[in-house]
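These numbers come from a predicted model, not from an experiment. Throughout, protein chains are lettered first and strands after them, A, B, ... in sequence-line order, and every chain is numbered starting at 1.
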Amino acid sequence: MLKRVSIASLALAAAICAASAQEKSTDLAIVVAKASSFDNVSSLELLRIFEMEKSKDGDGHKLIVTARESNSPERAAALTTIYKMDDGEYQTYFLRAVFAGRASGKPQQLNSAAAVRRFVAATPGAIGYLLASDVDDSIKIVKVDGKAPGEAGYPLKAP
Amino acid sequence: MKKQKQREINSLPRMAALSGLMYAMTMGWLAQADPTNSVALPAGLDRAFLENLLNRVNQDTAEINQLKAQLAAQASNTDQMPALAAPAYPSLQFHGFADLDYHVSSRQGIPNAQGVTYVPGASKSGNSFFLGEFDLFFQAQLAETLSVLSETVISSGNDNECGLDIERLELSWKPSDYFNVDVGRFHTALGYYNSEYHHGAWFQNTVGRPFFLEYEDSGGLLPVHSVGVSIHGAIPSGSLNLSYYVEVANGEDYNTNGNNLVQNEIDNNQNKSVNLAFVAKPDWFPGGQFGIGAYHDTLSPEGRSRTDEWIWNAHAVYHGSLWELMAEGFLVRNQETGFTAQYSPMFYVQAARKFGVYTPYLRFTYANTSENDPIYTTLLNQRGLDYGPSLGLRYDFSTFVALKIQYDYVIQTGYQNANELTLQAAFTF
């Protein structure tokens, strides 16, 4: 009897966990400071921003692109959905961009979601990525191709 | 350790749900089994077993609370991190690039007017190990919109001596995406290859540049370096994503007296070279770009009359995550005063496909310099047809080390056709 009840409770627990995971969106959200006028960006424009080909945002601030550390799930999602590169290609891309004079360096690396929130919230022109579930009201989500995280057709769905 | 902790944190909701369920069930059973309660325990269960279970649940709950407290403390610490410090100037970064090579050819190297071998990497004996270029690259941000870039190359020459050259030294002012100014010695915005690839062989799939785009002191046929001013930036053009380049520089000093062709310090005439180029990276062709350009200089070549030089060029390139496709053409028109204009076309097409760490590639290079050209024939010892296919393989031994093997078949007016093989280890650090 207890065995049956245990199995039932495990199944129930698993169902609760699955529902909980679905509630928390794992889409990648593009975030900027709340005061930024940046509301929507196309996928291609987003790529150019994150490849540091653009130097200013729409408000005239110097664009400061942030990145998460290697091996973080956010970095992996950004490489897949924004850059469409692996980590080696990412390193090579920025080395080449610096060498050709197109960029002054790689994106500013931050090592936690809280650090991204804090830096983006406090820095005009900063742009970064977070799991949508890590976004709070200190920062603003930028729509991509007119879609917000969680919406059907949102292009930065975590793999 | 970090992964273990992450796993523990990730499992918190599951543990909490499961423990809660087990706790509720156990409490229910115990309540039913209480002596004051007349309900009997189910067969096969006893009080000790249930108490053990309850203790286990209590232990798990305590562990969960401890982990929650650790998480909260960690989040609190991160939120209290100081904001990143304001950037300090100058911020300096350094990279080194080098290549080590072996080259074998069915014919010996061909000395050109500067006394160096014409076929890139070819040797007097036709069979040599050789040092490629040791490239010291510095980039420093001096202020938010000001930066400096330098590329100094140590390389060995035909006399087996090593020499030092400042290949690039650029002071850049970048106030906006639409207007940037570079001053110094830079790569002329002459098509795609010369703008994209500089002295680090590691960047390119092939072992070398298309031969007519080789550097001036290595037998190249075009003014790949300029000393002057380059103004460039984006042009508001919607989905076409146009950009422009306007460059004014000293131009080249074609001579046989051993002087550097690039006029680093003294221009041998009052005329400046002017280069104008436009590049489009249309939204509808991600990874692709198209460009056109025109370069003009009035030359004072050694032993010749004033010569009017035009170089027109166009390119179409696709650079995706797997494929690299390049096609680029140049038409050089040199007209010496009192003579008819001479035209020399040059082009290459190149295709490479990445298969994991392997990138096989194919290139076809072609140049047909006019037999009566006042510059090529007399001063650069280059006349007539020079063309052939190259076939090679790049193997990325690691992210920063590439091993390459390339076969070339060279057909050149006035010389025996040649089979050549080059092995290269190119790396960056």
Side-chain angles (χ1 to χ4, degrees), chain A residues 1-2 5-6 8-10 12-18 20-21 24 42-45 47-48 53-56 60 62-64 66 71 73 83-92 95-96 98-106 108 110-115 117-119 121-123 126 138, chain B residues 13-15 17-22 24-25 29 42-45 49 53 74-75 77-81 83-84 91 93 95 97 137 139 141 144-145 147 149 151 168 170 172 174-177 180 182 186-187 195-198 200 202-203 234 239 241 281 283 286 320-321 396 398-400 428:
Chain A
M1 175 67 182
L2 183 65
V5 172
S6 296
S9 64
L10 280 172
L12 184 60
I16 291 168
C17 287
S20 165
K24 281 194 168 184
S42 71
S43 298
L44 203 60
E45 195 181 354
L47 175 64
R48 290 190 173 128
E53 285 191 13
K54 284 185 170 288
S55 65
K56 304 269 184 182
K62 185 184 177 189
L63 271 168
I64 303 172
T66 67
N71 301 324
Y83 291 103
K84 297 177 175 59
M85 300 175 185
D86 62 30
D87 208 59
E89 290 167 337
Y90 173 86
Q91 306 280 354
T92 304
L95 196 51
R96 176 177 280 183
V98 170
F99 198 61
R102 292 195 301 268
S104 57
K106 285 192 284 192
Q108 175 77 55
L110 297 166
N111 293 334
S112 70
R117 282 195 299 267
R118 182 169 165 73
F119 181 70
T123 313
S138 66
Chain B
R14 271 187 298 259
M15 287 173 67
L18 189 56
S19 300
L21 277 168
M22 291 173 71
M25 284 163 35
W29 283 118
L45 287 182
F49 174 79
L53 200 58
Q74 192 183 41
N77 286 342
T78 320
D79 280 337
Q80 286 166 12
M81 279 193 326
L84 290 178
S91 61
Q93 55 179 311
H95 295 286
F97 301 88
F137 175 80
Q139 196 272 354
Q141 201 68 30
E144 186 176 312
T145 57
S147 63
L149 175 158
E151 201 182 0
R168 284 193 291 163
E170 303 172 25
S172 301
K174 298 183 174 176
S176 84
D177 290 334
N180 303 286
D182 299 337
F186 47 85
H187 272 208
S195 302
E196 188 65 20
Y197 296 101
H198 301 268
W202 173 79
F203 283 112
S239 62
N241 289 301
K281 295 182 181 178
D283 283 351
S321 57
D396 283 292
S398 75
T399 301
F400 302 117
T428 181

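Chain B forms the most heavy-atom pairs under 4.5 Å with one residue out of A/Glu53, A/Arg96, A/Lys62, and that residue is A/Arg96. Ranked by heavy-atom pairs under 4.5 Å with chain B, the first of A/Gly88, A/Ser104, A/Ser42 is A/Ser104.
Both the backbone and the side chain of B/Glu144 come within contact range of chain A, with heavy atoms under 4.5 Å apart. Contact of A/Leu47 with chain B is not made at all, since no heavy-atom distance falls under 4.5 Å. For a residue to count as touching a neighbouring chain, one of its non-hydrogen atoms must lie under 4.5 Å from one of that chain's; by this rule B/Tyr197 touches chain A with the side chain only. For B/Ser172, no part sits under 4.5 Å from any heavy atom of chain A, backbone or side chain. Using a 4.5 Å cut-off between heavy atoms, B/Asn241 touches chain A through its side chain atoms alone. For chain B, no part of A/Glu45 is nearby; none of its heavy atoms comes within less than 4.5 Å. Both the backbone and the side chain of A/Lys54 come within less than 4.5 Å of a heavy atom of chain B. Using a 4.5 Å cut-off between heavy atoms, B/Ser398 does not touch chain A at all. When heavy atoms are compared at a cutoff of 4.5 Å, B/His95 approaches chain A solely by way of its side chain, counted from C-beta outward. Interface remark: B/Phe203 contributes backbone and side-chain atoms alike to the contact with chain A (heavy atom separation under 4.5 Å).
In this structure, the side chain of B/Gln139 does not engage the main chain of A/Gly101 through any donor-acceptor pair within 3.5 Å.
Considering only residues two or more places apart in sequence or on other chains, B/Gln141 meets the side chain to side chain donor-acceptor pair (under 3.5 Å) condition with none of them. For A/Ser55, the side chain to side chain donor-acceptor pair (under 3.5 Å) partners two or more places apart in sequence, or in a different chain, are B/Asp177.
Closest non-hydrogen pair, A/Val98 versus B/Leu149, comes out as O-CD1, 4.0 Å.
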Practice item. Output, in order, the C-alpha distance, side-chain angles, deciding distance and verdict of side-chain contact (heavy atoms from CB on, under 4.5 Å) for B/Lys281 and A/Leu44. Key: CA-CA 11 Å; B/Lys281 295 182 181 178; A/Leu44 203 60; over 6 Å; no

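Between the CG atom in A/Leu95 and the CH2 atom in B/Trp202 there is a gap of 5.0 Å [rounded to 0.5 Å]. Atom CZ in A/Arg102 sits 10.0 Å away from atom NZ in B/Lys174 (nearest 0.5 Å). Between atom OG1 of residue B/Thr145 and atom NZ of residue A/Lys56 there is a gap of 7.0 Å, rounded to the nearest 0.5 Å.
Using cut-offs of 30° and 60° on the angle between ring planes, the pair A/Phe99 and B/His198 is perpendicular.
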